[in-house]
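Just so it is clear, the values below take in all heavy atoms, side chains as well, and ignore hydrogens, waters and symmetry mates. If you're wondering where the values come from, they're calculated on a predicted model, not measured in any experiment.
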Amino acid sequence: MALKSTSLFWRTFLLLMLLLIITALGWLQSFRVLSEVPFSRGVAQQIVSTVNLTRYALISADADYRPDLLHILAYQEGVRIIPRDDNDHWTKLVSQGNIPELIESQTKASLGENTIIAGSVNDQPGLWVSTTIEGDKYWLMIRDDLLDPPFGTAWVWWAFVAFLMGTLGASVLTQRTIRPLAELSAAAKKLGRGEKPDPLPENTRTAEIEAVNRSFNHMVQELERMESDRELLLAGVSHDLRTPLTRMRLEIELADLPQETRDAMVSDLEQMESIVNQFLAYAHRSKQPLERVDLGLCANDTLNDTRMRSKGDVRIETSIMGNLFVMAHPTELVRAIQNIIVNADRYGRDPETGRLDLNIQVLRQGNDAVLRIGDKGKGVPAEEMARIVRPFERGDTARGGAKGAGLGLAIVGRVVKRSGGKITLSANHPHGLIVELSMPLANLPDEKPVLEEQTAPADAVLPKDKEN
């Protein structure tokens, strides 16, 4: 299953947050690099001062008081002095960045090039400095907290506050930037469902958004005007056509014609009237509000109204679930289901027996209610399925005998699209066509779907009921 595309809000928000984080890390790195030199100079100066003061104190102190001085230096100042041997094993000082090299170079500049700055001596870690006192070599160990970074822990809290404020600012900025696009997207979806969207604001502070909103509002007005003109035109045409059609039918009924000729002419007139009715149905865009409709109940009632069950050459198999509510206009939904059933009756009969095998299912798939109607006729080639859903496209090349205006499935698609759903065509096995209507559920939390009807022809085997 393909992952849903990330919304523009989250894409923009994450990009802003990534920019803030990269900027903060760059600033922190710059601060660390720029602070290396003064930090190293301060540590080196403290090392030099500690070494010089310790050396002069020991040289100046009376021999009887030197043990006490060494004790005070060790326990109060953290400074230890041990003799240095040429066989001592020592390792270089390790710290962040270039700090060890800077400390070593600045210390040697004051104490001499032979001075050793070590990170451990004889596997004992610490900050060790070599020195000489009255010609004897010693190791001076200074507390290693001198090498702690100068940031402390306060920066963590400031970084947290900055991150929090940056997140809040990025969220507000992204929301203000995306809101006009979200309003435009919602209006476009509403227009795509055949509804008239509310006018978008044209007094925004952004020139580009104001121009887009003004253009969109103008487009909606032009589309509404075109729809009104088309409805008016087709209504006038239908009125002008119905009167002569009615008069012609009356004259045919009264004329002294052979019965076969009369039936053929009446059939042609009925077909013409059906085409006029389809044009009117397609041209008229309903503005009635949508209601909660039980899809299973609507499908069952529509099937009964078409009287398909009473036809001897029709076999119907149903599996209809109730309590599956969708948002639709009841009359439009009935007309859509009727169109599918009529199309199946007209084009979906078995080419060998002439019988109509109809399979009707109403079920739940995820968050959608699905109506699936299948036949076992000639079917439609896969490359033609997308075409015959469009207006004025007929599948006569595949299913034969098409006499309509090519608006039946287009009307179905418009009704389903207004409910936020879609129509899908697929091949039946071993032959035939399946028309599937999928619409978002509008069930309340306590409304659970139930199997209301499950019937099959006499020679079919019903599957066991499944719990939903």
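Separating the CD1 atom in I316 from the CG atom in D357 is a distance of 10.0 Å, to the nearest 0.5 Å. Rounded to the nearest 0.5 angstrom, E224 CD and L191 CG are separated by 10.0 Å. Taking CG of D301 as the start and CG of L297 as the end, the distance is 4.5 Å to the nearest 0.5 Å. Annotation: the span from F13 atom CZ to Q175 atom CD amounts to 11.0 Å, rounded to 0.5 Å. A distance of 4.5 Å separates CG in L127 from CD1 in I47, rounded to the nearest 0.5 Å. Here CD1 of I21 is found 11.0 Å from CG of L16. Values are rounded to the nearest 0.5 Å.
A salt bridge does not link D446 to K448: none of the charged nitrogens lies less than 4.0 Å from a carboxylate oxygen.
Closest approach of I320 to I360, counting heavy atoms only: CG1-O, 4.4 Å. Taking both residues in full, the closest heavy atoms of S419 and L290 are given as CA-CD1, 4.5 Å, listed atom of the first, atom of the second, then distance. Taking each heavy atom of A328 and L333 in turn, the nearest pair found is CB-CD2, 4.3 Å. Scanning all heavy atoms of the two residues, the minimum distance from P180 to I209 falls at CB-CG2, 3.5 Å. Shortest non-hydrogen contact noted between R418 and P289 is NH2-N, 4.4 Å. The minimum heavy-atom distance between P330 and E291, with the atom names listed, is CG-OE1, 3.6 Å.
Under the side chain to side chain donor-acceptor pair (under 3.5 Å) criterion, D263 pairs with Q259, sequence neighbours left out. Partners of E202 under the side chain to side chain contact (heavy atoms under 4.5 Å, CB included) rule, at least two apart in sequence or in another chain, are R214, N217. Residues passing the side chain to side chain contact (heavy atoms under 4.5 Å, CB included) test with L184, sequence neighbours excluded: L200, V212, F216. Under the side chain to side chain contact (heavy atoms under 4.5 Å, CB included) criterion, L18 pairs with I22, not counting sequence neighbours. Here T302 pairs with nothing under the side chain to side chain donor-acceptor pair (under 3.5 Å) rule; sequence neighbours left out. Legend: residues meeting side chain to side chain donor-acceptor pair (under 3.5 Å) with D345, ordered by chain and number and at least two apart, are K311, R349. In this view, E208 satisfies the salt bridge (charged side-chain N to carboxylate O under 4.0 Å, His left out) rule with no residue, not counting sequence neighbours. Contacts of R179 classified as salt bridge (charged side-chain N to carboxylate O under 4.0 Å, His left out), with partners at least two apart in sequence or in another chain: none. In terms of the side chain to side chain contact (heavy atoms under 4.5 Å, CB included) criterion, residue partners of A299 (sequence neighbours excluded) are, by chain and number, I337, V362, L371. Every residue meeting the side chain to side chain donor-acceptor pair (under 3.5 Å) condition with E104, not counting sequence neighbours, appears here in chain and number order: K108. When the salt bridge (charged side-chain N to carboxylate O under 4.0 Å, His left out) test is applied to R307, no partner is found at least two apart in sequence or on another chain.
Other residues, nucleotides and ligands contribute over 12 non-hydrogen atoms within 6.0 Å of the CE atom of M327. With a 6.0 Å radius and a threshold of 12 heavy atoms from other residues, nucleotides or ligands, E383 has its CD atom above the threshold. Remark: M219 CE is packed, more than 12 non-hydrogen atoms of other residues, nucleotides or ligands lying under 6.0 Å away.
L356 places none of its side-chain heavy atoms less than 4.5 Å from the side chain of D313. At least one side-chain heavy atom of C298 sits less than 4.5 Å from a side-chain heavy atom of V334. Put simply, the side chain of E222 reaches to within 4.5 Å of the side chain of H218, judged on heavy atoms. By the 4.5 Å heavy-atom criterion applied to side chains, V416 and V412 are counted as neighbours. Using a 4.5 Å heavy-atom threshold, the side chains of M265 and L257 count as touching. Considering only heavy atoms from C-beta on, L303 comes within 4.5 Å of I341 through its side chain. Inter-residue side-chain proximity for R292 and L444 is flagged as met; some heavy-atom pair is nearer than 4.5 Å. Residues Q45 and Q106 are not in side-chain contact: their nearest non-hydrogen atoms beyond the backbone lie 4.5 Å or more apart.
No donor-acceptor distance shorter than 3.5 angstrom exists from the side chain of R355 to the backbone of R315, with no hydrogens or angles considered. Distance alone, capped at 3.5 Å, places no donor-acceptor pair between the S185 side chain and the L181 backbone. A donor-acceptor distance shorter than 3.5 angstrom exists from the side chain of D294 to the backbone of N323, with no hydrogens or angles considered. A donor-acceptor contact shorter than 3.5 Å is absent between the side chain of D350 and the backbone of G354. Between the side chain of S171 and the backbone N or O of T167, no donor-acceptor pair lies under 3.5 Å.
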When the side chains of residues 426-439 are checked against the rest of the protein, which donor-acceptor pairs come out under 3.5 Å, sequence neighbours left out?
residue, atom, partner, partner atom, Å
N428, ND2, D375, O, 2.8
H431, ND1, K376, O, 2.9
H431, ND1, G377, O, 2.9
E436, OE1, R372, NE, 2.8
E436, OE1, R372, NH2, 2.9
S438, OG, D368, OD2, 3.4

Before you tell me yes or no, could you show the steps for R364 and M321 under side-chain contact (heavy atoms from CB on, under 4.5 Å), namely the whole-Å CA-CA distance, both residues' side-chain angles and the distance that decides it to 0.1 Å?
CA-CA 8 Å; R364 175 176 181 174; M321 302 199 72; 5.5 Å; no
Under the side-chain contact (heavy atoms from CB on, under 4.5 Å) rule, what do F163 and M17 come out as? Steps first, then yes or no, please.
CA-CA 9 Å; F163 178 79; M17 290 305 302; 3.5 Å; yes
Give the intermediate values and the outcome of side-chain contact (heavy atoms from CB on, under 4.5 Å) for residues L425 and V380.
CA-CA 9 Å; L425 272 60; V380 176; 5.7 Å; no
side-chain contact (heavy atoms from CB on, under 4.5 Å) assessment of L358 paired with E317
CA-CA 6 Å; L358 203 59; E317 181 180 356; over 6 Å; no
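One side chain, T91 or S120, offers a donor N or O that lies under 3.5 Å from an acceptor on the other.
Results of the side chain to side chain contact (heavy atoms under 4.5 Å, CB included) test with I423 over I340, V415, L409 single out L409 as the only residue that passes.
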